[in-house]
Amino acid sequence: MSDLLQLGLSNLLSPMVLSFALGFAAALARSDLDIPEAVGRAMALYLMFAIGFKGGAALAESGGGGKVLLDILAAGLLSALLPFLAYGLLRAFSGLRAVDAGAVAAHYGSISIVTFVTASQFVTAQALGYEGHLVAMMAVMETPAIVTGLYLARRALAKEGGGRTAGQPFFSKELVHEILLNASVVVLVGAFIIGWATGPSGMAKVKPFVVDLFNGVLCLFLLDMGLLAARQLRGVRALSGGTLAFGIYMPLVGAVAGLGLAWAIGLGLGGATLMAVLGASASYIAVPAAMRLALPQANPAVYVTMSLVITFPFNVVLGIPLYFAAARMLGFQAG
Amino acid sequence: MSDLLQLGLSNLLSPMVLSFALGFAAALARSDLDIPEAVGRAMALYLMFAIGFKGGAALAESGGGGKVLLDILAAGLLSALLPFLAYGLLRAFSGLRAVDAGAVAAHYGSISIVTFVTASQFVTAQALGYEGHLVAMMAVMETPAIVTGLYLARRALAKEGGGRTAGQPFFSKELVHEILLNASVVVLVGAFIIGWATGPSGMAKVKPFVVDLFNGVLCLFLLDMGLLAARQLRGVRALSGGTLAFGIYMPLVGAVAGLGLAWAIGLGLGGATLMAVLGASASYIAVPAAMRLALPQANPAVYVTMSLVITFPFNVVLGIPLYFAAARMLGFQAG
Amino acid sequence: MSDLLQLGLSNLLSPMVLSFALGFAAALARSDLDIPEAVGRAMALYLMFAIGFKGGAALAESGGGGKVLLDILAAGLLSALLPFLAYGLLRAFSGLRAVDAGAVAAHYGSISIVTFVTASQFVTAQALGYEGHLVAMMAVMETPAIVTGLYLARRALAKEGGGRTAGQPFFSKELVHEILLNASVVVLVGAFIIGWATGPSGMAKVKPFVVDLFNGVLCLFLLDMGLLAARQLRGVRALSGGTLAFGIYMPLVGAVAGLGLAWAIGLGLGGATLMAVLGASASYIAVPAAMRLALPQANPAVYVTMSLVITFPFNVVLGIPLYFAAARMLGFQAG
Amino acid sequence: MQTHQRKKVEIVVERARAPALVEAIQKLGATGYTIIPDVSGNGRHGKMGHNEVLDVYRSTMIIVLAAEPLARRIMEEAHRLMENYTGIVWLSDVEVVRGDHF
Amino acid sequence: MQTHQRKKVEIVVERARAPALVEAIQKLGATGYTIIPDVSGNGRHGKMGHNEVLDVYRSTMIIVLAAEPLARRIMEEAHRLMENYTGIVWLSDVEVVRGDHF
Amino acid sequence: MQTHQRKKVEIVVERARAPALVEAIQKLGATGYTIIPDVSGNGRHGKMGHNEVLDVYRSTMIIVLAAEPLARRIMEEAHRLMENYTGIVWLSDVEVVRGDHF
Ligand SMILES: Nc1ncnc2c1ncn2[C@@H]1O[C@H](COP(=O)(O)O)[C@@H](O)[C@H]1O
Ligand SMILES: Nc1ncnc2c1ncn2[C@@H]1O[C@H](COP(=O)(O)O)[C@@H](O)[C@H]1O
Ligand SMILES: Nc1ncnc2c1ncn2[C@@H]1O[C@H](COP(=O)(O)O)[C@@H](O)[C@H]1O
Ligand code: NA
Ligand code: NA
Ligand code: NA
């Protein structure tokens, strides 16, 4: 137990998590501190490019083969299934409307890249490695949950008798685009392939950029995320207790599912921790965008608040060391 | 004397100061060279985060204690008092209206972070260190001068018989916010605390970002500052000779006051140089914003031109080596 | 031959060229991936600053003298003459209107900084150096081609009997400004001078920024360029076969001219490759801007499409290794 | 200089819906449109921000000049397309020189 | 489609003063407002820039749709609040569909 | 509050030409102008983008308030200056409080 505390503390006392706290506190105090949106988006791009490249380069070094593809498929399946669980829990305990429950469920089946990136630094700080193709698994997990969530919400809308919904195709052209080719999927997968194709010689060329700067940029980016999360805090007032609780217990459920998958496909301790984080984290960029396109009836204030204001901070501050401790306790082995 | 020349030259021939000169020259020649505003703001944030973090980490290594708090208090006091001096000089010699004199005085009691950052590089290039908590002293010096300047200007307005001013509260809610929680105070103090709390292990994680890139980013940022300063040059024509002269002699006065404080609190040679720079420099971001909120009767063209177009270049190009030479002559000792 | 293939492959398998391909593919697939414009401009500024600084520092180390000025003059002459050749070819084989042919010719006499920067990395990856003042030669080549192109186009317009053109001065004030003081000329030349003036001691201060990050930033920038080029692809449909062909064979012609100049002024293998690249590359920022100011009758879709969509990708993907192989075959010697 | 009476339709709408509106405007036959890409505001659906990180809270302003009948059709269609979305639309009078352009 | 006559108030004002104006607009009872965050310009107080580093030289444009009496009150209050500040205000006619919204 | 009738000229024009238009507006005697620096759109000359890397595909919107005769002169001159360039111009009615300002 004291070991768990110690882990939590070492996570809390990293410059990254403290930067997040700084941003959160600044926004709470209504400071006008603001990171220009263009720069925030550029930092996000950088982090995705770097994490993708590092994953690809790691895979190139370790070799991979068919096992990698199977793992990726399995991750996609997890993303497609988690929303059923989430939807069931929401309908049973939260009092959310069906359409909102479907939308929220999609977010929790999907993933948060920033949470993963933060966790990857935590893992590295424990002197652990992780399987390079986890990045590809993450990329694949963005999307399937959207399909499941939409299916659940639209089924409910149809029952309520929305003649209007009938006219709508299940997948509009824009939606398919948004789902398969959104910026984060393209950069993650693209950089992953580039890292894999150019291997160690490619890595030698870009290491100062892709590796050395990583932590520092992550600090500023988490500062920005802290500002962002705290500025959406007002959304919390409109949510019921059951809904808010979901934002805390669903990550735990997702983490367990992630650990189960990690066990099934035989990941090491670092990889299992990250897999738990993928299960636990919820999207707040890609899925909201898809929901506005395809499910405008759902209330964005609900799903954005839950994933960004409740679950994201929970995971970054407490979840990551917790999932790591759980993975270690369950006997996952270092690299 | 030839030693002083040599110092000045080595300052002039640094990539940073030459970058400033490049920007200044480009704008004078009416080139359309332009650094996107979002990027300029991001560089400013980076520099504040980095200097804050480095200061905090240095303090963590050197230890500190109550002395640090006393020093910080003393710095705040200096900031609160300098505007009285500045106001007196302006009223005696410049011909500025009282309201403008009060506004300008506030700027010179406050500080310029970029000047400090540039000076910190000069000090480092002399193979000197400086006390980490100077960053905190700088953060604290931003604000008190605003209060003094406002007091002086409003007293004058009241005498002129502005019934309108009577209705206005001395501190509006927005003003208090702007003063205590403006972006630079939050980032400087926040990063200082993070650097201090995470100490050497935190520094190890972010050194390539926070330390290695510093000079390079500073070059581009000073290039931008050169463009900015030269593009405000037209404002100079409207200022009287006495007003312009103040932009040069007030920094000297402020530097002497800074050296006095440095002597009183026992700083080393590096720290004393920086303390002189704090005394000598004038704000051109935080204080103008506060003045527009709280003292719209004052003419922004006056205070922006003086601090940005006269004093800032003077300090960066000539002041810094001068203050260093003075500190050395006065017997301040290295580290 | 297999050696050539190998060279081409090693170029293709660099992270930079693959990043370009990623951007191109993403835009073709209509992904909404987008690098904020402010960040794209900042990366361009960084690359120009870095390449200029490195060139200046290299010149400071190698010494230079009058020879350097002669080389620069010769480069300017090449830029002024190439458009005559280009115009002749276009009028003979492309079917473009005279005014469009003049505008296009100006682009091909001028240069593309990004192509040069990418080639400089290719050369470095071959463990070769290059003459530092090539950067200055590049800067000087931006402009003279504009004058020639305008002359050719306006002569044609005058013949067609545009009474309107008669009223227009050959050089408006804005045009002269745009030509001599556009952002890229100022940053390249300025950073070159700073690098040269501060020499090795300056380089020591900014190396982590200017050298270490270079490749990584170039990756993201080429990703952006890939997006940009592919998004202009629709412009291709409006161009005739002869016009499109010009976009491929003119670079070869320009490369030959560049190699000839390299031979005449005695460059090494690295320098000759880069000189070929300068001859081969076409402007897509500075010259279009000048054309809109001074030759609004010309169709921007024509010249932008040709230089950005045809010639730029051709040079980055195939041209650079080809010109290097040619230079090596012609007996240019390493450094 | 002789001028012609036309109508101007202005729409403020959340980002996600802007492409659908632009498509409709073109289909209905407008000769063009102008977009102010990033505006902020407040209305029945709460605050929208500019330079927002979260695209769901951003909005866009669209301006279309057209002859009156087309302008009214655009206004109507815009209303239909903004159901379930954040947005408003209004109409006003303008004069243009080139009647053949609008 | 039936429409209703409303007024549009437009304000261009320096940044530092925009929050005070927005607050007043809400207090007076407008149902919403739209902001174009960064405009540049020139007037009696000299040049304002967009993408200015110096906030004192930036301005913002505010658009409010309202029924005529409210619109005129907003216009009057805006004038009062812009004393000592850089800014202008004007009024024009618009038609809206949803009369209950404005 | 008494108001005065004025005209508002609005111009959407490609970036390269905006400075020439602004210069003309000032020379003709307008008391000021407001610029929305980066708009996108579509028209006879094809698509213009915002946040475009290529300056040739960017456009700018200019707003001028003036008394009717001056406004019409500005409109005419704008038309002349936009030959060979991408752009449109229109005119509408506004009311202002400070008649001496426009
Ligand atoms: N009365 C109003 N005046 C001006 N703009 C408005 C008004 N009401 C709403 N808006 C704009 O329209 C957007 C959507 O409005 P709503 O759908 O009512 O939330 C808001 O974010 C504002 O930008
Ligand atoms: N005649 C005008 N037409 C359009 N905009 C104007 C005009 N006069 C002033 N403005 C705008 O209002 C702002 C403030 O004007 P002023 O207070 O007169 O300096 C200027 O920066 C312009 O953006
Ligand atoms: N009917 C229209 N309504 C609104 N804006 C238009 C219209 N036609 C053209 N524009 C704007 O004017 C610019 C130039 O138009 P054009 O010269 O016709 O290509 C376009 O990029 C649009 O921003
Ligand atoms: Na998840
Ligand atoms: Na000071
Ligand atoms: Na060329």
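Each chain gets a letter, A, B and so on, in the order the sequences are listed, and its residues count up from 1. Note that these values count all heavy atoms, side chains included, but never hydrogens, waters or copies made by symmetry. Quick caveat, the model's predicted, so the values are computed rather than measured.
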With chain A as the partner, which of C/Val39, C/Leu33, C/Asp34 has the greatest number of non-hydrogen pairs under 4.5 Å?
C/Leu33

Kindly say whether C/Ser31 contributes a backbone atom to a donor-acceptor pair with the side chain of A/His177 at under 3.5 angstrom?
no

What part of C/Ala29 is in contact with chain A, defined as an atom under 4.5 angstrom from a non-hydrogen atom: side chain, backbone, both or neither?
both

Chain A shares the most heavy-atom pairs under 4.5 Å, among C/Leu218, C/Ile35, C/Leu223, C/Asp212, with C/Asp212

Close side-chain approach of C/Asn215 and A/Phe209, heavy atoms under 4.5 Å:
no

Quick check: do C/Cys219 and A/Val206 have side-chain heavy atoms less than 4.5 Å from each other?
yes

Can you tell me which portion of C/Met16 sits under 4.5 Å from chain A's heavy atoms? Options are side chain, backbone, both or neither.
side chain

Please determine whether side-chain contact (heavy atoms from CB on, under 4.5 Å) holds for the pair A/Thr198 and C/Leu18, giving the CA-CA distance in whole Å, both sets of side-chain angles, and the decisive distance to 0.1 Å.
CA-CA 9 Å; A/Thr198 63; C/Leu18 285 179; 3.6 Å; yes

Looking at every heavy atom in both A/Ala42 and C/Pro36, which two are closest together, and how far apart are they?
N-CG, 4.4 Å

Pairwise side-chain contact, C/Leu213 with A/Leu213, heavy-atom cut-off 4.5 Å (strictly under):
yes

Could you tell me whether the side chain of C/Leu22 reaches within less than 4.5 Å of the side chain of A/Ile193, counting heavy atoms only?
no

Identify which part of C/Ala25 has an atom lying under 4.5 Å from any heavy atom of chain A, answering side chain, backbone, both or neither.
neither

Are side-chain heavy atoms of C/Asp32 and A/Leu181 found at a separation under 4.5 Å?
no

